[in-house]
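Residue numbers start at 1 and run along the sequence shown. Here the structure is a predicted model, which is why all the values come from computation and not from measurement.
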Amino acid sequence: MKIWIFSFIFIVFLNCKKETAEAKSIPKDSIQLTENTKKDSIKTPENKPGIFTFTTELCDNKGYYDETKYTKEELTGTYKLYFELNGLLLDSPHVFGLEALRETRRDKDHILQKLEKEFIEKKKLIENLKIVNIPFWQNVKKQKYQELLQDYERQKIQIIAYSDPSVLLNSKKFQDCTHFAKALISDDTQMVEEWRKLRLEMSKRNGNPENIMNEFENRLNSVDKKDYAIIDLIVFGWGNCANNKIERPNYDEKMSDQFNSLFIKVDSECDEP
């Protein structure tokens with residue numbers, strides 16, 4: 001009986017040892033393969049790019065962008081800055097003749113109120129514009145804001161100057177343009193001298209220079225000579241000079257390239273120019 005019990009225990013011991021050895025002998029590659037299979041089974045697919053549609057002069061465009069870098073709201077704001085805000089931000093009367101001059105003088109207060117309202121709206125628009133957080137575009141936004149402030153000052157002064165040319169002397173930003181204002185508030189001789197000089201410069205840039213000077217001589221001999229001088233010296237003299245002093249962002253090929261670089265690719269459908 002004792003011999004039988006001892007034999008049974010010995011057999012059980014051998015079986016346990018064999019199972020332990022088999023477990024230890026399982027290749028590591030098999031374990032790694034199992035782990036890799038589990039990892040592969042929980043992999044998520046890559047994110048698809050976002051799509052932003054926009055128009056340019058002749059094209060309808062579809063841009064594909066990385067949604068981890070930009071939001072659609074930021075691209076919309078950047079597009080406004082790049083395309084929709086390219087050009088004049090404010091609108092005021094174009095004074096090229098006597099009738100327009102008289103109307104502007106008559107409606108001066110209303111025109112100034114309308115201009116101020118438009119300025120406040122555009123100022124708020126630019127301030128609240130959410131754009132991509134890239135130095136180039138952040139700088140364009142700052143430049144656009146400065147352009148708005150300076151152009152508002154220019155247009156406001158110009159509207160008042162049609163009634164009182166002396167206000168043109170008050171702007172520090174446009175001090176280099178004051179010789180046109182000084183001519184208007186000086187004696188007749190100095191006014192005509194500056195006016196003639198301006199017309200000569202205008203004639204050099206015109207396809208029909210003789211016509212420019214003939215028009216000047218006719219207006220010089222008109223009973224409305226002073227008002228004609230005001231139109232020319234303020235619009236084509238001071239106005240153009242001041243406009244050239246305004247700091248603006250450059251809407252050029254570089255800006256276009258910077259905008260397109262926001263996208264992985266851009267598909268465009270364009271009309272013939």
Side-chain angles (χ1 to χ4, degrees), residues 57 83-123 125-126 144 146-171 173-174 176-185 191-192 194-209 211-220 222-249 251:
E57 289 88 350
F83 193 75
E84 294 182 2
L85 293 176
N86 177 8
L88 294 175
L89 296 172
L90 302 172
D91 185 39
S92 59
H94 301 288
V95 179
F96 298 127
L98 293 178
E99 187 60 32
L101 178 64
R102 290 166 186 147
E103 288 177 359
T104 301
R105 285 169 171 168
R106 183 192 67 207
D107 301 331
K108 178 184 68 176
D109 292 341
H110 173 72
I111 293 168
L112 289 171
Q113 288 173 3
K114 184 180 177 183
L115 181 66
E116 182 182 21
K117 182 175 180 291
E118 188 179 13
F119 165 70
I120 291 170
E121 290 171 353
K122 288 288 172 62
K123 182 171 177 285
L125 171 64
I126 295 173
K144 202 67 188 176
Q146 287 302 313
E147 176 190 345
L148 176 67
L149 298 181
Q150 293 169 18
D151 196 40
Y152 173 62
E153 181 185 356
R154 178 189 69 82
Q155 293 198 40
K156 181 173 66 174
I157 291 172
Q158 191 164 327
I159 290 166
I160 298 170
Y162 292 126
S163 302
D164 178 13
S166 66
V167 298
L168 299 176
L169 300 171
N170 300 333
S171 174
K173 175 66 183 175
F174 308 121
D176 291 345
C177 308
T178 54
H179 54 287
F180 297 108
K182 290 175 181 176
L184 284 170
I185 60 177
M191 181 192 76
V192 171
E194 191 66 42
W195 186 13
R196 187 186 300 277
K197 188 191 305 181
L198 173 64
R199 275 279 167 163
L200 283 169
E201 288 299 318
M202 291 169 61
S203 69
K204 293 175 184 176
R205 300 188 297 269
N206 192 277
N208 191 348
N211 184 59
I212 297 296
M213 295 313 298
N214 287 340
E215 186 177 61
F216 167 70
E217 294 297 338
N218 290 334
R219 292 182 173 183
L220 185 60
S222 167
V223 293
D224 296 307
K225 176 178 72 175
K226 179 69 174 181
D227 281 347
Y228 279 126
I230 285 174
I231 293 171
D232 275 6
L233 290 170
I234 290 180
V235 176
F236 302 112
W238 186 91
N240 285 348
C241 176
N243 189 55
N244 290 333
K245 301 294 179 184
I246 294 174
E247 301 162 58
R248 296 180 170 90
Y251 285 84

SB check E194 K182 (cutoff 4.0 Å): no
Euclidean distance, E118 CD relative to L89 CG, rounded to 0.5 Å: 8.5 Å
Nearest heavy atoms of L168 and T178, plus distance in Å: O-CG2, 3.9 Å
Any side-chain heavy-atom pair of Q150 and R154 under 4.5 Å: no
Pairing of R105 and D227 as salt bridge, 4.0 angstrom limit: yes
Distance-only polar pair, side chains of R248 and N243, donor-acceptor under 3.5 Å: yes
Minimum heavy-atom distance between I159 and S92, given as atom pair plus value: CD1-CB, 3.9 Å
Geometric class of the F119/Y152 ring pair [parallel <30°, tilted 30-60°, perpendicular >60°]: parallel
Between NZ on residue K245 and CG on residue N240, distance to nearest 0.5 Å: 12.5 Å
Contact check, side chains of L233 and L198, non-hydrogen atoms, under 4.5 Å: yes
Charged N-O contact under 4.0 Å between E217 and R199: no
Stepwise side-chain contact (heavy atoms from CB on, under 4.5 Å) test for L112 and I160: CA-CA 9 Å; L112 289 171; I160 298 170; 4.0 Å; yes
Atom NZ of K173 with >12 non-hydrogen neighbours under 6.0 angstrom: yes
Carboxylate-amine/guanidinium contact K156 E153, below 4.0 Å: no
Salt-bridge criterion met for K117 and E121 (N-O under 4.0 Å): yes
Aromatic ring pairing W195/F216, orientation class (parallel under 30°, perpendicular over 60°, tilted between): perpendicular
Donor-acceptor contact present, side-chain Q158 to main-chain G239, <3.5 Å: no
Side-chain donor or acceptor of K204 paired with backbone N/O of P209 under 3.5 Å: no
Smallest separation among heavy atoms of S166 and D164, with atom names: OG-OD1, 2.6 Å
Minimum heavy-atom distance P165-A181, with the two atoms named: O-CB, 4.0 Å
W238 vs L184, side-chain contact (heavy atoms from CB on, under 4.5 Å): CA-CA, chis, key distance, verdict: CA-CA 11 Å; W238 186 91; L184 284 170; over 6 Å; no
Working for side-chain contact (heavy atoms from CB on, under 4.5 Å), residues V167 and Y162: CA-CA 10 Å; V167 298; Y162 292 126; over 6 Å; no
CA sep, side-chain torsions, deciding dist, call: F83, E57, side-chain contact (heavy atoms from CB on, under 4.5 Å): CA-CA 9 Å; F83 193 75; E57 289 88 350; 3.9 Å; yes
Under 3.5 Å: donor-acceptor pair, side chain of E147, backbone of P249: no
Separation between CZ of F180 and CZ of F236, rounded to the nearest 0.5 Å: 12.0 Å
Interatomic spacing from CG in L85 to CG in L125 - rounded to 0.5 Å: 5.5 Å
Atom of D232, atom of R219 and distance for their closest heavy-atom approach: OD1-NH1, 3.8 Å
Distance, nearest 0.5 Å, that separates NZ of K123 from CD1 of I120: 8.0 Å
From CE (M213) to CG (N218), nearest 0.5 Å: 11.0 Å
Least distance between heavy atoms, K225 atom then L220 atom: CD-O, 3.1 Å
Side-chain donor/acceptor of K108 to backbone N/O of S163, under 3.5 Å: no
